[in-house]
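Structure first, then comments.
Every heavy atom of this structure was used, including side-chain atoms; hydrogens, water molecules and symmetry mates were not. Position 1 is the first residue of the sequence, and the numbers go up from there.
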Amino acid sequence: AINGYITNSYNNGKGKTCLACAVNQAYDILSNYSILSRKKFIILMTDGVPTHCASGSCTSTSISFGTKICEGLCDTEGSCDSGDVPGQCTSCTTNQSAANNLIFSSNRSVQNLNVTFYTIGFGPVNDCALCNSTLTAIANLNNGTYQHSSNVSQLRIIYQNISYEILNKVTQTN
């Protein structure tokens with residue numbers, strides 16, 4: 001049931017990266033379908049920094065893509081070079097609106113639902129300071145972790161380790 005819900009609800013990205021939208025949707029799911037006393041976790045995987053804010057503003061709790069914020073985008077080589085990305089998308093550090101929207105949404109999840117975040121970067125994120133600092137900050141909000149790799153086998157190990165950490169944090173019940 002949950003796989004069908006996700007498949008039907010989230011095929012609207014079309015190359016956009018609105019991580020705040022994803023976190024806001026996870027917030028809605030957890031607040032509507034989870035028992036308040038249960039521990040809650042969000043695993044957020046991305047290949048870079050967010051390129052879009054949630055519809056509204058940097059403090060929006062919308063799940064819809066909003067304003068495109070190109071600054072902060074890293075190209076596929078992990079560096080900021082106008083030859084590799086559109087001309088308006090050349091700065092990895094100057095405009096953090098979409099990253100700030102993500103941090104706002106993540107803070108809301110921690111404050112209201114006591115969510116622990118596990119963030120994973122894949123691909124060339126190691127070379128993007130904004131990506132690394134944003135994902136680290138989110139993971140550090142409530143004792144989660146940030147890890148990154150461009151190796152598929154290593155990503156598998158990262159997910160295994162996260163699942164073991166989550167199992168250790170929850171109380172097993174019959």
Side-chain angles (χ1 to χ4, degrees), residues 2 6 9-10 13 15-31 34 38-54 58-63 65-66 69-80 89 91-93 95-170:
I2 247 186
I6 291 169
S9 299
Y10 306 108
K16 300 174 185 177
T17 305
C18 180
L19 296 177
C21 299
V23 169
N24 292 337
Q25 184 64 49
Y27 178 96
D28 289 349
I29 292 169
L30 290 172
S31 64
S34 181
R38 287 192 178 163
K39 293 187 183 277
K40 295 166 186 60
F41 306 91
I42 294 175
I43 300 172
L44 183 65
M45 184 172 173
T46 182
D47 63 349
V49 294
T51 60
H52 288 67
C53 290
C58 286
T59 57
S60 172
T61 59
S62 171
I63 62 169
F65 290 92
I69 305 294
C70 284
E71 287 80 13
L73 176 71
C74 280
D75 64 11
T76 57
E77 299 301 317
S79 63
C80 293
C89 302
S91 174
C92 269
T93 57
N95 186 334
Q96 291 190 293
S97 296
N100 289 342
N101 188 200
L102 171 60
I103 291 168
F104 173 84
S105 295
S106 301
N107 270 316
R108 178 177 78 119
S109 298
V110 170
Q111 296 297 317
N112 295 351
L113 301 175
N114 197 28
V115 166
T116 299
F117 279 90
Y118 291 92
T119 56
I120 303 168
F122 69 94
V125 298
N126 193 40
D127 295 330
C128 184
L130 180 58
C131 180
N132 285 303
S133 64
T134 302
L135 295 178
T136 297
I138 292 164
N140 288 338
L141 289 173
N142 201 11
N143 299 315
T145 61
Y146 166 57
Q147 301 173 68
H148 59 83
S149 180
S150 58
N151 179 293
V152 173
S153 297
Q154 183 64 34
L155 288 170
R156 184 177 293 118
I157 292 168
I158 289 170
Y159 271 97
Q160 284 178 321
N161 290 339
I162 290 171
S163 65
Y164 293 139
E165 276 189 55
I166 290 172
L167 282 173
N168 285 330
K169 289 184 179 185
V170 297

Is Tyr27 close to Leu113 at the side-chain level, that is, under 4.5 Å between some pair of heavy atoms?
-> yes
Test side-chain hydrogen bond (donor to acceptor under 3.5 Å, both in side chains) applied to Thr145 - qualifying residues, sequence neighbours left out | Gln147
Do Phe117 and Val110 have side chains that get closer than 4.5 Å, going by heavy atoms?
-> yes
Ile42 side chain near Leu30 side chain, heavy-atom distance below 4.5 Å | yes
Would you say the side-chain atoms of Thr134 pair up with the backbone N or O of Cys131, donor to acceptor, closer than 3.5 Å?
-> no
Residue pair Phe122 / Leu155: nearest heavy atoms and the distance that separates them | CB-CD1, 3.9 Å
dist Asn142:CG -> Lys40:NZ (nearest 0.5 Å) comes out at 11.5 Å
If you measure from CG on Leu102 to SG on Cys21, what distance do you get to the nearest 0.5 Å?
-> 10.0 Å
Pair Tyr146-Asn132, side-chain hydrogen bond (donor to acceptor under 3.5 Å, both in side chains): steps then yes or no | CA-CA 8 Å; Tyr146 166 57; Asn132 285 303; 2.6 Å; yes
Heavy-atom pair of closest approach, residues Cys18 and Ala54 | SG-N, 3.6 Å
Would Lys169 and Thr116 count as a side-chain contact (heavy atoms from CB on, under 4.5 Å) if you check the C-alpha gap in whole Å, the side-chain angles of each, and the deciding distance to 0.1 Å?
-> CA-CA 10 Å; Lys169 289 184 179 185; Thr116 299; 3.9 Å; yes
Separation between OG of Ser106 and CG of Leu44, rounded to the nearest 0.5 Å = 7.0 Å
Apply the test side-chain contact (heavy atoms from CB on, under 4.5 Å) to residues Tyr118 and Met45: give CA-CA distance (whole Å), side-chain angles for both, the deciding distance (0.1 Å), then the verdict.
-> CA-CA 8 Å; Tyr118 291 92; Met45 184 172 173; over 6 Å; no
For Thr119 and Ala139 the tightest heavy-atom approach is OG1-CB, 3.6 Å
How about Ile43 and Ile162: do any of their side-chain heavy atoms sit closer than 4.5 Å?
-> yes
Residue pairs meeting side-chain hydrogen bond (donor to acceptor under 3.5 Å, both in side chains), one or both in residues 152-163, sequence neighbours left out, come to none
Is any side-chain heavy atom of Ile103 closer than 4.5 Å to a side-chain heavy atom of Leu141?
-> no
Would you indicate whether the side-chain heavy atoms of Ser149 and Ile158 approach each other to under 4.5 Å?
-> yes
Could you give the distance from CG (Leu19) to OG1 (Thr46), rounded to the nearest 0.5 Å?
-> 4.5 Å
Side-chain heavy atoms of Asn24 within contact of Arg108, under 4.5 Å | yes
